[in-house]
Amino acid sequence: MSTYAVPMLEVPDLIKESGGDTLDLCYQCGTCSGTCPWNVVRDFRVRNIITRAQVGLEGYEGEDLWLCATCNACVDRCPRGVEIVDLVRTIRMIIGESGSLPKTLRAVMGSVQSNGNPWSGDPAARTAWLKDAPVPRFDGSQDAAYFTCCSQAYDARNARVGRATLAVLKAAGVDLGLLEGEKCCGDAVRKAGGESLFQGLAATNVGVMNGLGVKKVVVPSPHCLSTFSKEYPALGGRWDVQHVVQVLADRVKAGKLAMTKQVAGTAIYHDPCYLGRHTGVYDAPREVLGAVPGLKLLEFARNREDAVCCGGGGGRLWMETPVEERFAVGRLREAVARGADTVVTACPYCISMFEDAKTALGMDSMRIADVTEIVADAVEG
Amino acid sequence: MEPRVGVFVCHCGTNIAGVVDVARVAEAARTWANVVHAEDYKFMCSDPGQAMVKQAILRHKIDRVVVAACSPRMHEATFRKACAEAGLNPYLFEMANIREHCSWVHEDKQAATLKAIDIVRMAVAKARLLEPLETRSVKVEPKALVVGGGVAGIQAALNLANAGIKVVMVERQQSIGGRMAQLDKTFPTLDCSACILTPKMVQVAQHPNVTLYTCAEVEEVSGYVGNFDVTIRRKATYVDPDVCTACGICLEKCPKKTTSEFEEGLTTRKAVYRLFPQAVPGKPVVDRESCTYFVNGKCKVCERFCEPKAFRWDDTDKVVHERVGAILVATGYDLYDASALGQWGYGRFPDVITGIEFERLNNATGPTGGRILKKDGTEPKSVAILHCVGSRDRNYKEYCSRVCCMYSLKFAHLLREKTAATVWNFYIDMRCFGKGYEEFYNRLLHEGVKFVRGKAAYVTDQPANDDEKGRLVVSAEATTLGEVLRVPVDMVILASAVTPQPDAPAVARRFGMSLSPDGFFMEKHPKLEPFSTATDGVYLAGACQGPKDIPDAVAHGAAAASTAMALISRGEVEVEAATAQVTEGACSGCKVCQDICPYAAIGFDGPKKVATINPSLCKGCGTCVATCPSSAIVGRHFTDQQVLAQISALFAG
């Protein structure tokens with residue numbers, strides 16, 4: 001057997017054709033590896049994947065490929081404009097098609113395929129999370145449609161966030177109708193390499209929403225926000241998309257959201273990657289939280305553009321990570337060190353990752369909350 | 001008599017012919033009215049190409065010539081000259097640009113050929129209506145203005161002055177010397193910057209042919225090549241330089257301290273100051289912004305000690321007018337605001353410093369007397385030098401700053417020489433391209449400096465282990481090893497990007513220049529005329545055109561000077577004949593044109609009540625032509641009829 005590494009140039013060609021067209025721009029400076037949050041807890045060389053992919057050397061498709069949480073920190077810092085997250089999802093797609101998808105992801109993809117959600121949830125029970133809350137169905141007469149994130153529909157913790165969200169939107173006088181017949185937005189599916197599955201989900205959602213005449217859609221998850229605003233337009237879905245915190249920030253500014261009850265406590269805001277770096281929303285959640293009476297608000301040392309990921313994007317939510325390597329664990333420890341009693345965020349994945357970290361560390365007194373849950377505490381009723 | 005048009009289609013090698021079917025373009029041209037001759041050739045601009053044009057003019061009695069090739073900026077002058085040599089007025093020539101406007105920007109050969117035919121048909125339509133124009137010559141004022149007193153400006157001024165040409169040098173700061181005066185040693189020879197610069201500073205200031213204005217700025221420029229009228233504002237300095245003996249007692253006695261710009265804010269200077277000890281001129285000036293007398297209304301301590309009584313509290317700004325034949329812009333560069341480079345920690349961590357700050361730390365006249373110290377006064381045990389901070393990065397500046405690799409090596413050498421520190425260089429590539437540069441790099445490899453190929457991703461003070469506690473940690477991937485490193489150090493030096501001066505856009509407007517996409521002043525040709533601008537008579541010297549090290553800046557300054565010298569020693573210059581002309585009968589005397597003319601070329605004839613145009617000032621831009629409500633101004637060589645004929649020809653295809 002030869003000891004030489006043999007370049008397979010059809011590999012870079014395939015990657016470039018399949019969505020990774022910035023592959024050649026990398027000049028090997030290593031800013032991505034140095035920036036990547038993984039290297040604080042373990043070794044992970046993004047550049048190594050890119051270098052090997054550029055010349056088609058074995059190793060580009062290794063286990064490390066599935067570590068990337070698509071947090072976009074490296075993409076923001078890349079001096080050459082390499083769309084690293086696109087490269088990662090493209091390589092995952094190529095590898096996934098050859099059948100070497102990690103086992104846990106295989107189950108998730110299977111559920112999305114058969115149920116339209118990653119949580120093995122019954123599609124017929126997609127609105128069960130509402131319990132008895134009287135929410136009108138979107139019929140074109142309302143200002144905006146509300147797109148339920150799968151996590152809110154099927155994950156008990158996030159269902160609670162969902163109910164608080166709807167209550168707060170109602171208190172703010174937002175005229176909403178709930179969508180029906182939608183499926184997962186497909187962000188995590190696409191980032192995990194499930195391109196054809198993603199295309200199918202997008203086609204369904206575009207069909208449902210365009211069929212109902214949706215012009216404006218409110219989403220509870222930054223992942224839906226990013227996908228709808230950046231990826232759906234090319235697939236026929238062109239709507240005015242807003243995340244819940246953006247809607248609330250507008251209502252606060254307009255004086256249309258009365259927060260009158262004192263909320264005791266010291267909260268620290270964690271920027272979700274897909275709300276921050278991916279879609280540039282930094283001020284809205286802070287404006288909303290800043291208007292909550294009595295709440296003391298802290299910042300992490302690394303915040304806004306520089307924030308550290310919770311570890312849940314790009315399919316990582318469904319993959320195992322040793323406790324000491326979990327980003328959310330490090331964030332939680334910092335939150336405690338800074339004197340916070342609440343970690344507040346605005347993403348269902350972040351909520352799940354932080355709740356898991358809290359359990360793993362046994363930090364029973366720490367509260368993990370969505371912005372809307374804090375607001376709900378401050379609203380009368 | 002009907003015009004007789006000749007059409008010549010250039011292949012430009014494969015530049016045009018690779019995309020456009022040039023033979024088909026010539027063939028189409030032969031079918032158009034008034035075209036008596038059409039042919040294509042490999043290189044129309046070559047000697048044989050020009051000879052073809054000349055022969056065809058004589059043989060076919062051609063009186064209008066259209067060359068379909070590149071841009072007029074590239075070769076209009078070439079073909080005008082060829083026409084003139086064949087006895088044709090050069091303004092009876094028209095250029096059709098089928099390279100930049102067609103072959104270079106299209107791939108579809110069929111469509112590109114059709115577009116080229118359209119472009120040439122438009123040019124022929126205009127050519128039919130062309131009229132002969134006469135060029136004129138004007139005298140060149142034998143005097144040059146040099147804007148900026150850095151090393152490039154100094155070299156340019158000295159070359160001009162030594163050639164017997166009068167030079168006016170304008171410098172914004174209290175002293176000439178520029179950035180080079182701030183540097184300690186120079187790479188790769190390590191000679192002392194001040195030692196080689198100060199003699200030149202003195203030479204230029206004392207030269208009988210040089211008038212030096214410091215604390216001064218050019219406010220306004222009007223006129224044209226050979227005859228620029230320049231307005232210079234000399235700021236009030238409150239010290240009479242003719243009386244002051246530069247004894248320096250006021251510098252000692254002044255009780256007010258303020259941040260020293262020359263020391264990059266690392267220390268203070270007095271409110272009455274000279275920029276640095278070897279400043280030229282050496283007479284101190286008063287900084288009105290910080291002087292206690294100007295702020296509070298009383299103090300004047302300096303005056304009490306001033307033996308020759310040189311202070312002039314009622315001093316005011318003075319406006320000076322100069323007429324010059326040529327202008328050399330040598331306004332230099334700035335450095336990227338390091339506090340905007342967040343991840344590398346400048347501004348957050350006191351011992352993260354910039355390269356220019358390190359120059360001052362290392363300098364015997366600097367804030368530490370030349371000792372390399374941390375902010376707490378101790379010597380660093382380990383120092384990291386981060387290359388390409390803000391350079392070669394689309395998030396900041398896309399270009400390479402060209403000097404950082406070499407000065408980073410120089411810093412590493414000085415650190416090894418003066419301290420016991422371990423020195424780390426984090427780099428992407430080592431760009432050591434100049435004479436003796438690679439050899440210097442090799443020398444440093446022998447001095448035990450650590451080189452990590454990988455760009456520093458960030459600097460943090462958050463320790464990951466005990467060894468990192470209380471230190472600055474640089475994180476980078478060592479790309480040759482494939483390992484991500486964390487290196488604890490005590491001092492970080494950022495090789496921050498060289499940038500254009502913040503007021504470069506305003507300066508560009510003032511001197512009729514434009515900016516390259518990188519924000520530096522745009523040269524006329526990036527290879528063949530890097531020292532000229534698109535405005536005749538305005539030249540560039542030094543790093544205002546793009547990042548340059550000292551040898552390059554000096555060479556650039558000398559090149560700009562010799563080009564200006566050629567203009568001045570020729571003594572006269574031809575001015576554009578394609579200017580605007582007033583049709584007196586149609587002019588209503590409304591004067592709208594006077595206000596909008598960017599060159600102040602339009603006057604007014606009182607008795608006749610009509611606008612008049614000074615053809616020497618007019619650049620033929622056409623603004624007045626388009627603005628005149630009575631259509632009383634004709635833009636010669638771009639008349640309404642000519643332009644409309646082009647438009648009709650486009651749609652006649």
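Proteins get letters first, then strands, A, B, ... in listed order; numbering begins at 1 in each.
Side-chain contact between Q462(B) and R302(A) is absent, with no heavy-atom pair separated by less than 4.5 Å.
With a 4.5 Å cut-off on non-hydrogen atoms, N39(A) touches chain B through its side chain but not through its backbone. Within the 4.5 angstrom heavy-atom criterion, no atom of R486(B) approaches chain A.
Closest approach of P79(A) and K455(B) over heavy atoms only: CG-NZ, 4.2 Å. Scanning all heavy atoms of the two residues, the minimum distance from T479(B) to R47(A) falls at O-NH2, 3.2 Å. Closest approach of V484(B) to G34(A), counting heavy atoms only: CG1-CA, 4.5 Å.
Annotation: E439(B), atom CD; neighbour count of heavy atoms from other residues, nucleotides and ligands within 6.0 Å is above 12. Summarising the local packing, CD of E107(B) is surrounded by 12 or fewer heavy atoms from other residues, nucleotides or ligands at distances under 6.0 Å. Surrounding NZ of K374(B) are more than 12 heavy atoms belonging to other residues, nucleotides or ligands, all under 6.0 Å away. More than 12 heavy atoms of other residues, nucleotides or ligands lie within 6.0 Å of CZ in R42(A), so this atom counts as buried by the packing criterion. Residue-environment remark: NZ (K450(B)) stays at or below the threshold of 12 foreign heavy atoms within 6.0 Å. For K109(B), the NZ atom counts as loosely surrounded, since its 6.0 Å shell holds 12 or fewer non-hydrogen atoms of other residues, nucleotides or ligands.
For residues 14-25 of chain A, an interface with chain B (any heavy-atom pair closer than 4.5 Å) does not exist.
Considering only heavy-atom pairs separated by less than 4.5 Å from chain B, the leading option among C32(A), C36(A), C29(A), A301(A) is C29(A).
In this structure, D306(A) contributes its side chain and Q343(B) its backbone to no donor-acceptor pair below 3.5 Å. A donor-acceptor pair is defined here as one N or O able to donate and one able to accept, closer than 3.5 Å; no such pair exists between the side chain of D43(A) and the backbone of E483(B). Formation of a donor-acceptor pair under 3.5 Å by the R45(A) side chain with backbone atoms of G482(B) is found in this model. A donor-acceptor contact shorter than 3.5 Å is absent between the side chain of R392(B) and the backbone of R80(A).
Figure legend: cation-pi geometry between R77(A) and Y458(B) absent, as NZ or CZ is not positioned both under 6.0 Å from the six-membered ring centre and within 45° of its axis.
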